[in-house]
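Whatever order the structure lists them in is the order used to number ligands and atoms, beginning at 1.
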Amino acid sequence: MPVQLVTPSDNSPEPEIDPPRPPHPGPPQPGEPPGTPDPMIDPPPSNPVVPPPAPVEPRDQLKVPVLADSSLSVISNPYGFIGETCRKHQTPLFETRLLLSKSVCMLGADAAQMFYDETRITRKGATPGRVQKVLFGKGGVQGLDDAAHKHRKAMFVELLSPTEVERLVAACERIWPAYRERCKTTERVVLYDEVCELLCQAACDWAAVPLKADEVQQRTRELVAMFQFAGSMGPKYWWARWMRNRGNAWIKGIIRQIRAGELQVPHNSPAYVVAQHRDLNGKLLCEHDAAIELINLLRPIVAIAVFIVFTAHALHEHPECRDRVANNDEYREWFVQEVRRLYPFFPFTSGIVRKNFTWRGYEFKEGRRVLLDLYGTNRDPSIWDNAEAFRPERFASGDNSPFGFIPQGGGDARVTHRCPGEGATIEIMKWAVANLVKDLNYRVPPQDLKLEMTKLPALPQDRFVIECRSS
Ligand code: HEM
């Protein structure tokens, strides 16, 4: 049955919509029996005696709203636009145009599960070129598919194993005393700036990238510009492009020296492993691509500063959590997870339809851009009880859905494009929040703490200023 396309306008009545679907059970959780397969997602059974897939249920016949060009709405409301539109039309997906090209916007665990099916959605060409050039650079793992992706991804997963994460946290711990002293002797400290610098030093130390004391500020600026201004317009964007070029040149030099034997680093260090990585054909990555991948480790470690500022913000907004964060290791992890769930970092991720297919009765056309709402899925009331409330205890059960809790992407990180750095992010956040509550005696002076929801990421206006007391 063809899908009815509805174009809402201010004067037209609200489109007729199917009643809301019951939430999809999602993939089975550890220890949970497998649920009913979803005929639109699960592959058909290979055993011929298994009955054929159940007939398509009425719930699969969505009336998909079609909106006019939404580019300005996305720019003015990057975190809320998809979620608000889906809620308004009671749909998990809608069609629109972004910069004139037809696109599909989606939200929810079912949509995420479909999005991470690589036979349907490719990443090649998915990120707009101008963003890609600053944020990831060209030639990195983010734009690979299939076997080439899995091969490159295995390197990241190995480099971010629990043992490596321990080494990274230990590097933070070594650098922390100098920053603690600086905080205590400086009247007003901009937490974000300090943490970015600390993490830049820790990341380089961990990765075996040499960094002299007088280089720290400049290298921090380069790495921060890549994630903070990739989506900016005008001079800020061009400055970020310049910072990216400088960063690339710096790390290309490191790769060149390691390969030439001029820089001796441990053979199990990230810098060495990336410099010596070979593709599926046994060829060394070109210098540029190797630099992009080493930066793919350094840049996001510095970006954890954003989440650390969010944890400080959450502690300030929810002082009742403070004692438990300080004294209960388990609760500290739930707190960090709730910050990752609710605070606005990446609004969505994008892909391109690989070949025509139909999902929930809607035809996904080859070449069409698809946006998956990460921020909105983390707040989806069909997944989360009292979704907007800050309640760390919700993580007590420990069984996080791989497609319903997706601040850093979904699925299995070894297979999909899900972030391989989640373990590192969580452990560094836990380490940082423990230091905030146990090792620093600070007050939060009057300042603008509102999150800048039109910026990516949406940091508080004043970057979280603290004043430390000496005791
Ligand atoms: C600061 C907190 C972080 C956030 C919010 C974050 C978020 C994300 C997101 C949303 C994706 C894309 C998921 C997708 O498109 O399906 C991603 C991918 C990636 N992240 Fe992270 N990430 C963070 C930290 C890290 C860390 C600490 C590392 C490594 C040290 C890292 C390395 C990567 C890499 C290499 C990819 C590409 C994976 C692929 O394409 O297969 N990230 N991250």
* Can we call the ring centroids of Tyr343 and His313 under 6.0 Å apart? -> yes
* Could you tell me whether Phe335 and Phe390 have their ring centroids closer than 6.0 angstrom? => yes
Nearest neighbour in protein (non-hydrogen) for [atom]:
| atom | answer |
| --- | --- |
| atom 24 (C) of ligand 1 | Thr425 OG1, 3.4 Å |
| atom 43 (N) of ligand 1 | Cys419 CB, 3.2 Å |
| atom 16 (O) of ligand 1 | Tyr116 OH, 2.6 Å |
| atom 41 (O) of ligand 1 | His149 NE2, 2.7 Å |
| atom 26 (C) of ligand 1 | Pro300 CB, 3.4 Å |
| atom 33 (C) of ligand 1 | Pro420 CD, 3.4 Å |

Subset of ligand 1 atoms that lie under 4.0 Å from at least one heavy atom of [X]:
| X | result |
| --- | --- |
| Arg123 | 14 (C), 15 (O), 16 (O) |
| Ala303 | 1 (C) |
| Phe156 | 35 (C) |
| Phe307 | 2 (C), 5 (C) |

[X] side-chain N/O to [Y] backbone N/O, donor-acceptor pair under 3.5 Å:
| X | Y | value |
| --- | --- | --- |
| Arg152 | Asp279 | no |
| Arg394 | Ala389 | yes |
| Asp462 | Val465 | no |

Which segment of [X] sits under 4.0 Å of ligand 1 when only heavy atoms are counted:
| X | answer |
| --- | --- |
| Leu374 | side chain |
| His417 | both |
| Thr349 | side chain |
| Val306 | neither |
| Glu422 | neither |
| Ile304 | both |

* Structure fact -> Ranking Leu168, Leu160, Leu199 by closest non-hydrogen atom to atom 29 (C) of ligand 1, top hit is Leu160
* Taking atom 9 (C) of ligand 1 as the point of reference, which of Gln408, Glu293, Arg299, Glu164 owns the nearest heavy atom? -> Gln408
* To do: Could you tell me whether Glu194 and Arg463 make a salt bridge, using a distance below 4.0 angstrom between a side-chain N and a carboxylate O?
  => no
* Presence of salt bridge, Glu95 and Lys365, under 4.0 angstrom -> no
* Decide yes or no for Val274 and Leu159: does some side-chain heavy atom of the first lie under 4.5 Å from some side-chain heavy atom of the second? => yes
* **Check: Phe364 and Phe357 side chains under 4.5 Å, non-hydrogen atoms** => yes
* Asked: Would you call the rings of Phe395 and Phe405 parallel, tilted or perpendicular, where under 30° means parallel and over 60° means perpendicular?
  -> tilted
* Asked: Among Arg418, Glu422, Arg340, which one satisfies side chain to side chain donor-acceptor pair (under 3.5 Å) with Gln408?
  -> Arg340
